[in-house]
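First comes the structure, then the notes that go with it.
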Amino acid sequence: MSTLTQLPAWQQLSQCRARLEQQSLRQAFADDPQRAERYTVRAAGLMLDYAKNRIDQPTLDALLALAEQGGLPQLRDAMFAGEAINNTEGRAVLHTALRNRQRDSILVEGENVVPEVRATLAKMKGFVEQIHNGERTGYTGQAFTDVIAIGIGGSFLGPKVATEALRPYAKPLRMHYVANVDGTALAEKLKKVDPATTLVVMSSKSFTTQETLANTESTRDWFLASGASQADVAKHFVAVSSNVPAAVAFGIDADNVFPMWDWVGGRYSLWSAIGLPIALAVGFDHFEQLLAGAEAMDRHFCEAPLEQNMPVLMGLLALWYDNFFDAQSQVILSYDHYLRGLPAYVQQLDMESNGKGVDKEGNPVDYRTGPVIWGGEGTNGQHAYHQLLHQGTALIPADFILPLNSHNPLGRHHNMLAANCLAQAQALMQGKTLEEAKAELAGKGLSETELDTLAKHKVMPGNRPSNTLLMDQLTPATLGALIALYEHRTFVQGALWGINSFDQWGVELGKVLGNAVLAEIEAENPAYQQDSSTNALIACLRKGHI
Ligand SMILES: O=P(O)(O)OC[C@H]1O[C@H](O)[C@H](O)[C@@H](O)[C@@H]1O
């Protein structure tokens with residue numbers, strides 16, 4: 001297999017890029033009444049309209065050829081088969097095994113992992129049901145009213161975002177997520193809860209993460225200080241980890257540890273026992289529906305032809321803008337309040353996966369890899385950063401996400417929300433020409449010079465690409481499908497870029513230096529062995545004033 005930029009399809013795409021420079025999306029829609037139909041796919045309860053992208057059929061064909069020539073189908077199959085595609089850590093990448101209900105055998109290094117996945121789900125189910133039906137109580141015999149879920153990164157974002165998204169399915173149990181090592185974050189949560197009726201779920205795949213260990217220790221101190229005994233800890237503290245011995249050594253009762261495995265990446269782990277807070281929040285049946293939605297997307301990703309394959313199309317389009325339009329960021333716009341956390345979720349998923357500068361063999365890549373992912377909630381963003389999307393100098397492809405039916409059908413709100421979503425995508429695509437801007441201003445009593453100048457400010461270049469993702473309603477199943485869609489989209493890009501999307505060495509240096517700086521801050525006689533800037537800042541901290 002030749003390197004990416006040497007592939008014939010890459011060369012073709014360069015030509016497509018030059019040709020498309022001459023074409024506007026507005027014209028493309030005018031020329032082809034079938035465009036929307038041609039560029040729409042449905043899968044796993046989701047519909048993707050990708051017609052407002054800067055593509056024509058030859059471009060799409062070249063992108064699909066790139067996927068073939070870059071070996072995407074083989075790499076996808078290798079992932080699902082449990083091959084150690086995370087080559088720098090020698091690990092399989094099998095988050096898809098966590099939601100698989102069809103295959104009874106998935107081998108990792110010759111060992112079938114399906115039985116332990118199912119056993120862990122059964123353990124989660126039993127635990128969640130006992131909490132909900134009051135069979136399992138706190139140390140005073142009172143039922144649990146609150147859950148503090150402690151974890152960070154992949155052990156935080158998935159559960160938090162899914163809990164928010166599935167709020168309409170919530171059980172009467174208040175969920176509180178703590179990630180940051182900032183004591184304020186924890187202290188503010190602890191103020192809201194009663195130790196006697198609070199369950200603590202500590203989630204750390206590695207069981208070595210500073211923030212999570214510190215937050216759990218402080219929560220345990222708070223619990224014991226409230227009058228509970230050491231023996232009561234077992235009733236209130238559970239952990240999720242792939243490092244079960246470390247969790248037990250930390251003082252978590254062995255029965256209260258839910259396992260996960262090193263073949264599940266942290267940012268891909270909400271489907272494992274890391275999802276325990278989700279099941280506590282919405283019930284195990286809804287957690288299973290979440291898994292089922294993701295599994296439906298997995299099947300689509302594996303089985304649909306590339307030209308109708310939603311994650312493949314979205315991944316190729318993202319690559320198209322990254323590599324051929326120099327797009328440095330991509331925006332996710334959730335037109336659903338319950339999905340307000342999705343941009344942050346996809347941010348970690350994509351940026352930690354594809355923020356890599358060397359290929360799998362360690363050679364620097366000579367093309368752009370993962371973009372900056374950001375975003376927010378519609379319609380708030382329209383009164384803020386959408387200005388830059390419409391008229392700024394950067395090309396920022398957008399994903400608009402809209403459920404068709406609201407869980408809260410209040411007056412005309414949902415129609416207004418939906419109209420805004422559709423109109424924003426339309427405005428980005430069609431823009432406004434100078435002639436249109438001038439026509440708008442005509443007859444408003446402006447001098448010719450004033451009109452000419454103002455009209456220039458009102459021009460919108462248009463041609464700004466977007467996807468629109470629809471679903472009937474935000475349910476556990478559609479949420480599962482949506483998250484799996486973004487997982488696979490991330491995979492598609494990483495696979496074609498030839499990078500390892502499943503390690504994260506870049507986060508390590510900061511952790512190591514952080515420990516050294518902490519030692520200096522707390523030392524009796526610091527050696528001040530850092531650079532002069534860091535030394536001076538440490539000195540400020542030790543003094544407590546500037
Ligand atoms: O689950 P843990 O082992 O505590 O890890 C929590 C997080 O921290 C790490 O630094 C990684 O950047 C994340 O990918 C991971 O999800």
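Both counts, for ligands and for their atoms, begin at 1 and track the order of listing. Residue numbers count from 1 along this sequence.
- At least one N or O atom of Thr209, backbone or side chain, sits closer than 3.5 Å to an N or O atom of ligand 1.
- Of all protein heavy atoms, the one lying nearest to atom 3 (O) of ligand 1 is Ser206 OG, 2.6 Å.
- The side-chain hydrogen bond (donor to acceptor under 3.5 Å, both in side chains) check on Tyr139 picks up nothing, with sequence neighbours excluded.
- In this structure, the protein non-hydrogen atom closest to atom 12 (O) of ligand 1 is Glu352 OE2, 2.5 Å.
- At least one heavy atom of Lys511 sits closer than 4.0 Å to an atom of ligand 1.
- Contact atoms of ligand 1 toward Gly153: 16 (O) (distance under 4.0 Å to a heavy atom of the residue).
- The existence of a salt bridge linking Arg489 and Asp350 is confirmed by a sub-4.0 Å separation between a basic side-chain nitrogen and an acidic carboxylate oxygen.
- Atoms NE2 and CG, on His286 and Leu479 in that order, are 12.0 Å from each other to the nearest 0.5 Å.
- For atom 7 (C) of ligand 1, the nearest protein heavy atom (residue, atom name, distance) is Ile152 O, 3.6 Å.
- The shortest distance between side-chain heavy atoms of Phe237 and Asp253 does not fall below 4.5 Å.
- Some N or O of Gly154 is nearer than 3.5 Å to an N or O of ligand 1, by distance alone.
- Within the 4.5 Å cutoff, the side chain of Val372 has no heavy atoms near those of the Gln347 side chain.
- For ligand 1, the polar-atom distance check against Gln504 finds no nitrogen or oxygen pair separated by under 3.5 Å.
- Phe127 places a side-chain heavy atom less than 4.5 Å from the side chain of Arg136.
- When only non-hydrogen protein atoms are considered, atom 1 (O) of ligand 1 lies nearest to Ser155 OG, 2.6 Å.
- The side-chain heavy atoms of Leu186 and Asn180, taken from C-beta on, include no pair separated by under 4.5 Å.
- The atoms of ligand 1 that sit less than 4.0 Å from any heavy atom of Val507 are 10 (O), 12 (O).
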